[in-house]
Number of protein chains: 2
Amino acid sequence: MQNICINRGTLYDILYMHSFDSTGFFRSVGLRDTLPRRLVITALTEIGRPVSHKEVHEWLKKKRTAINLVTVYRILEKFETLGLVHKQPTSGGFVLCALSAEHGHHGFLSCQQCGTVEEFADPDLCRVENAIARKAGFIPASHLSEIVGICSTCHAA
Amino acid sequence: MQNICINRGTLYDILYMHSFDSTGFFRSVGLRDTLPRRLVITALTEIGRPVSHKEVHEWLKKKRTAINLVTVYRILEKFETLGLVHKQPTSGGFVLCALSAEHGHHGFLSCQQCGTVEEFADPDLCRVENAIARKAGFIPASHLSEIVGICSTCHAA
DNA sequence: AAAATTAATGCAAAATATTTGCATTAACAG
DNA sequence: CTGTTAATGCAAATATTTTGCATTAATTTT
């Protein structure tokens, strides 16, 4: 159930709420089509920026469509395994930085298996990211890149 | 105090513990050179992977150099403002993904001011990241890029 | 269309994690 | 050494996340 891929067209429909066939969608991923789940999708769509569980919960309360906070947790957890929703994957912990923050860029290679994290700095990457930002009319302050995978030691073993 | 830049050579010294002049280092950033601070640096250096506050605390306890968990919080918070330590910057919240996870890549442009997050997919970026991974003998499973800055709307206003 | 099945929800409470206030300790300037 | 004050420790308040179980409601079966 972890790596189910979701059809991009469907996601587009969800985002813009045109003709979103929730029953069909949920059925296709083996879940029931429930009101709380539709409401969470609505909330995320309308809010349109990263939010905490609590914020989703409160947004719904304001709309008088409150559902239990515990349910919000469970729904988002499930959505995450579907790739429908995204949460920063790292342990969220601290790493001592090998490279100064002066570049405003932090790059990490983190191994899923042994948990090792290597830090890197790559001028190409910075350049590409700056270009992306510029194209979007964005003034970049800092970059963060994380590449999750299997390190050489682990896949040798 | 937010954007103090730390000398890269000093960080290298810290990491490898050769001739680390803790007093000089802390003084240069306007902090006192205390045992708990030196211990936290040692812990992060020795552990060498992302850790939670609790893990740092427990590691120190095992070494019989326990310091209070609250202190660990405060030290890491301070270190973070120095850029000595790094923690994923996003609110850590959820975003509804516009793009399917099938590429294994998530790119976000997130505005510091208004909190808006735009999602992007960029083949160049993927290519560069794959190259970085390959060079390090890494088998990449997924990428995450976040560009933090000011969006066009905000800097127009 | 009703009954049966069982996933999903809500509620209460437990477990964790984080923050705050204040008294005490210890860095360090003079 | 002494005084000053940043930094720490402790206790307790808050906030966040998880768990167990009874109930509800979506879907399947008859």
Side-chain angles (χ1 to χ4, degrees), chain A residues 1-2 4 20-44 50-61 63-82 84-85 87-94, chain B residues 1-2 4 20-44 50-61 63-82 84-85 87-94:
Chain A
M1 204 192 244
Q2 195 70 32
I4 292 171
F20 172 46
D21 168 20
S22 62
T23 308
F25 169 71
F26 284 120
R27 175 167 312 183
S28 76
V29 294
L31 297 179
R32 288 186 182 176
D33 178 26
T34 68
L35 180 59
R37 284 182 180 149
R38 288 193 296 273
L39 289 173
V40 168
I41 288 181
T42 307
L44 291 171
V51 282
S52 62
H53 301 83
K54 208 178 106 188
E55 284 175 289
V56 171
H57 182 237
E58 271 160 9
W59 190 91
L60 291 168
K61 205 152 53 179
K63 298 283 172 183
R64 296 162 195 280
T65 50
I67 58 177
N68 195 284
L69 178 58
V70 175
T71 304
V72 173
Y73 271 94
R74 292 197 269 229
I75 288 177
L76 287 174
E77 186 187 6
K78 191 135 279 179
F79 281 8
E80 201 179 359
T81 68
L82 296 178
L84 187 57
V85 127
K87 196 181 167 187
Q88 300 291 23
T90 350
S91 49
F94 291 91
Chain B
M1 204 191 242
Q2 195 70 32
I4 293 171
F20 172 45
D21 168 20
S22 63
T23 306
F25 169 72
F26 283 120
R27 175 167 313 182
S28 75
V29 294
L31 296 179
R32 289 184 181 176
D33 178 25
T34 68
L35 179 61
R37 284 181 180 149
R38 288 193 295 274
L39 288 174
V40 168
I41 289 181
T42 307
L44 291 170
V51 282
S52 62
H53 301 83
K54 209 179 108 189
E55 285 175 288
V56 171
H57 182 236
E58 271 160 8
W59 190 91
L60 291 169
K61 205 150 55 177
K63 299 282 171 184
R64 296 164 194 279
T65 51
I67 58 176
N68 195 284
L69 178 59
V70 175
T71 304
V72 173
Y73 271 95
R74 292 198 269 228
I75 288 177
L76 287 173
E77 187 187 7
K78 191 134 279 180
F79 281 7
E80 201 178 359
T81 68
L82 297 178
L84 187 57
V85 128
K87 196 181 167 187
Q88 299 290 22
T90 351
S91 50
F94 291 91

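Note on naming: letters A, B, ... go to the chains in the order of the sequence lines (proteins, then strands), and numbering restarts at 1 for each one.
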Which nucleotide, [options], lies nearest any side-chain atom of [X]?
X     : options                : value
A:R74 : C:dT19, C:dG10, D:dT8  : C:dG10
B:N68 : D:dG9, C:dA8, D:dT16   : D:dG9
A:Y73 : C:dG10, D:dT18, C:dT19 : D:dT18

Step-by-step side chain to side chain contact (heavy atoms under 4.5 Å, CB included) determination, A:V40 to A:T71: CA-CA 10 Å; A:V40 168; A:T71 304; over 6 Å; no
B:V56 and B:L69, any side-chain heavy atoms less than 4.5 Å apart: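 When only atoms from C-beta onward are counted, B:V56 and B:L69 do not touch, as no gap falls below 4.5 Å.
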Most 5' of B:P36 and B:L69 on DNA chain C, judged by nearest nucleotide: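 Nearest nucleotide further toward 5': that of B:L69.
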5' priority, DNA chain C, between B:V70 and B:T34 [closest heavy atom]: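 First, find each residue's nearest nucleotide; the 5'-ward one identifies B:V70.
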base_contact_polar (D:dA6 base, B:R32 side chain, donor-acceptor, <3.5 Å):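 Such a pair exists between side chain and base.
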Phosphate contact (D:dA15 OP1 or OP2) by A:K54 side-chain N/O below 4.0 Å: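 No, outside the criterion.
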Measure from [atom1] on [X] to [atom2] on [N] and round the result to the nearest Å.
X     : N      : atom1 : atom2 : answer
B:I67 : C:dT25 : CD1   : C1'   : 15 Å
B:R37 : D:dA7  : CZ    : P     : 4 Å
A:L60 : C:dT9  : CG    : C1'   : 14 Å
B:E58 : C:dT16 : CD    : C1'   : 12 Å
B:D33 : D:dT8  : CG    : P     : 11 Å
A:L76 : D:dT18 : CG    : P     : 11 Å
A:R27 : D:dT28 : CZ    : C1'   : 10 Å
B:H57 : C:dT16 : NE2   : P     : 15 Å

Ring-face cation of B:K63 near B:W59 (centre distance under 6.0 Å, axis angle within 45°):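 Ring-cation test returns yes.
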Sugar-phosphate, base or nothing in reach of B:L35, heavy atoms under 4.0 Å: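 Answer is nothing: B:L35 stays at 4.0 Å or more from every strand.
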Non-hydrogen atoms of A:R38 and A:F26 that approach each other most closely: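 For A:R38 versus A:F26, the nearest heavy atoms are CG-CE1, 4.5 Å.
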Carboxylate-amine/guanidinium proximity below 4.0 Å for B:D33 and B:R27: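 Not counted as a salt bridge, because no side-chain N and carboxylate O are separated by less than 4.0 Å.
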